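Treat the numbers as computed from the prediction; the structure is a model and nothing was measured.
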Amino acid sequence: MANFFARTLLKWHRDNPRPLPWATTNPDPYHIWLSEIIMQQTRIEQGTAYYLRFVNKFPTVDSLASASTDQVMRLWQGLGYYTRARNLHKAAKHIVENLDSNFPDTYEGLLALPGIGPYSAAAISSFAFGRRHAVVDGNVKRLIARFSGVRSSIDDASTHLQIQQIASTFMTDVSTAVFNQAIMNFGALVCKPKSPLCAACPLATHCFAFQNNLVDALPVRTKKKDLRERYFHFVVLHYRGKFLLQRRVEKDIWHGLYVPPLLESKSTRIPSHTRLHSFVHGLIGHDDIEGIESSSTIRQLLSHQSINGRFIHYKLLAPPITSFETFVWVSKKTMNQYGKPKMVAEMLNDY
DNA sequence: AAATCGGGGTC
DNA sequence: GACCCAGATTT
């Protein structure tokens, strides 16, 4: 079975090339690493443009390490899961400062870097250094759950381990890098989540799900919980051609991005005049302001939250008295230096 | 083990 | 709308 799987998979791979900018005949570990971090939980079609921008702006790990946090976050804007960007930057600095700018060339060495977990350690160690570690990503879990008839939830850690072992068995006696590339491509292009191409699938003759009419029932996934509704009232303070942005800090969404100061509430209802003025006073030390306009509510769905955002604009009638370390007063021009969440970037572009 | 972290494409 | 993506990290 293992022999059939690998032989068939690799033949399909030869017949169906999928050019990827970072997968060249002479792979650069920096390029492989960069691509793997960017592609975590991201479709190739979405992430490739970001990869090209990063590798163009930061051609080497040294150039990435010397960049500012704001530069990195700005380039990452729109890609989501921003902890990836901060860990990418942290790892780059670590490699330059402590590893003489050389990437670890083992699975364990890579795993120790921030932002690199089991999948990325397997991917980078195999693609860049030819190490024998089978990758297990969403594609591989789905494909093997169907092919081998894995009935337990692919979200369980024990199932993940089981699939990892099956993949390792299938990988025997073939090039690790080619096998890993092939199995992910196959999962993405043939054994798709919805409407997989079973009629054209070369593995179908030995596929448990196909033979037992369970293709739509596998893989089994754990039901996810409902979204948390949140209501953000962004307060946009305008003063002499500039407006205030604030860097978001840890333990919430959009860490490291910049947003107008926001007042969170339990409903879509606009906060009271009193509460808004008190909030502004806490920010700039006075509330000598004049309301300009308020937007309607904009809804943005995240993986675990539903954000209902509203923008309330004020003009300052006196200069700000107080400030905070996270504040930046930006103009239309300088605002582009800072990474912002989608709904904030769109509001500023439209305003 | 479960929760958390974005945004976009696809059906 | 629901699902899911070259997952990792924290709780």
Would you kindly give the [atom1]-to-[atom2] distance between [X] and [N], to the nearest whole Å?
{"X": "A:L227", "N": "C:dA2", "atom1": "CG", "atom2": "P", "value": "8 Å"}
{"X": "A:L110", "N": "C:dA8", "atom1": "CG", "atom2": "C1'", "value": "15 Å"}
{"X": "A:W33", "N": "C:dG7", "atom1": "CH2", "atom2": "P", "value": "17 Å"}
{"X": "A:R86", "N": "B:dT4", "atom1": "CZ", "atom2": "C1'", "value": "13 Å"}
{"X": "A:L111", "N": "C:dA8", "atom1": "CG", "atom2": "P", "value": "8 Å"}
{"X": "A:Q40", "N": "B:dG7", "atom1": "CD", "atom2": "P", "value": "16 Å"}
{"X": "A:Y82", "N": "C:dA8", "atom1": "OH", "atom2": "P", "value": "19 Å"}
{"X": "A:Q305", "N": "B:dT4", "atom1": "CD", "atom2": "C1'", "value": "8 Å"}

Measure from the side chain of [X], starting at C-beta and using heavy atoms only, and say which of [options] lies closest.
{"X": "A:T42", "options": "B:dG6, C:dA8, B:dC5", "result": "B:dG6"}
{"X": "A:R84", "options": "B:dG7, B:dC11, B:dG6", "result": "B:dG6"}
{"X": "A:D137", "options": "C:dA6, B:dC5, B:dC11", "result": "C:dA6"}
{"X": "A:S195", "options": "B:dC5, C:dG7, B:dC11", "result": "B:dC11"}
{"X": "A:Q300", "options": "C:dT9, C:dG7, B:dG7", "result": "B:dG7"}
{"X": "A:P118", "options": "B:dG6, C:dA8, C:dA6", "result": "C:dA8"}
{"X": "A:M184", "options": "B:dG7, C:dA6, C:dA8", "result": "C:dA6"}

Could you tell me whether [X] contacts a base, only the sugar-phosphate backbone, or nothing, with contacts defined as non-hydrogen atoms closer than 4.0 Å?
{"X": "A:D156", "answer": "nothing"}
{"X": "A:T83", "answer": "nothing"}
{"X": "A:S120", "answer": "sugar-phosphate"}
{"X": "A:E45", "answer": "nothing"}
{"X": "A:D155", "answer": "nothing"}
{"X": "A:L20", "answer": "base"}
{"X": "A:W22", "answer": "base"}
{"X": "A:I116", "answer": "sugar-phosphate"}

Does the [N] base have a donor-acceptor partner in the side chain of [X] within less than 3.5 Å?
{"X": "A:S303", "N": "B:dG6", "answer": "yes"}
{"X": "A:Q181", "N": "C:dA6", "answer": "yes"}
{"X": "A:R221", "N": "C:dC4", "answer": "no"}
{"X": "A:Y81", "N": "B:dG6", "answer": "yes"}

Check your understanding: Considering heavy-atom distances to DNA chain C, does A:R299 or A:P219 have its closest nucleotide positioned more toward the 5' end?
Key -> A:R299
**Study point:** 5'-most by nearest nucleotide on DNA chain C - A:K251 or A:F127
**Key:** A:F127
Practice item. Go through the side-chain N and O atoms of A:S63 and A:S66 and say whether any donor and acceptor fall under 3.5 Å apart. Key: no
Practice item. Establish, from distance only, whether the side-chain atoms of A:H277 and A:H273 form a donor-acceptor pair under 3.5 Å. Key: yes
Exercise for review: Would you mind reporting whether A:M73 and A:L257 have side-chain heavy atoms less than 4.5 Å apart?
Suggested key: yes
Exercise for review: Sort out for me which residue in A:K141, A:R221, A:K224, A:H160 forms a side-chain hydrogen bond (donor to acceptor under 3.5 Å, both in side chains) with A:D155.
Suggested key: A:R221
Given [N], is OP1 or OP2 found less than 4.0 Å from the side-chain N or O atoms of [X]?
{"X": "A:R142", "N": "C:dC5", "value": "yes"}
{"X": "A:Q41", "N": "B:dG6", "value": "no"}
{"X": "A:K342", "N": "B:dG8", "value": "yes"}
{"X": "A:W76", "N": "B:dG6", "value": "no"}
{"X": "A:K225", "N": "B:dT4", "value": "yes"}

Review point. Considering only the P atoms, how many Å lie between C:dA6 and B:dC5, rounded to the nearest integer?
Key: 23 Å
**Study point:** Distance between P atoms of C:dA8 and B:dG8 (Å, rounded)
**Key:** 22 Å
**Study point:** Cation-pi geometry met for A:R53 and A:Y50 (6.0 Å, 45°)
**Key:** yes
Study note, to complete from the structure: Per nearest nucleotide of DNA chain B, the residue lying toward the 5' end, A:A157 or A:R228, is A:A157
Point to revise | Backbone of A:Y30 reached by a side-chain donor or acceptor of A:D28 within 3.5 Å | key: yes
Exercise for review: Report yes or no: do A:F327 and A:L237 belong to one cluster of Ile/Leu/Val/Met/Phe/Trp/Tyr joined by side chain heavy-atom distances under 4.5 Å?
Suggested key: yes
Exercise for review: Check the surroundings of atom CG in A:D173: do more than 12 heavy atoms from other residues, nucleotides or ligands lie under 6.0 Å from it?
Suggested key: no
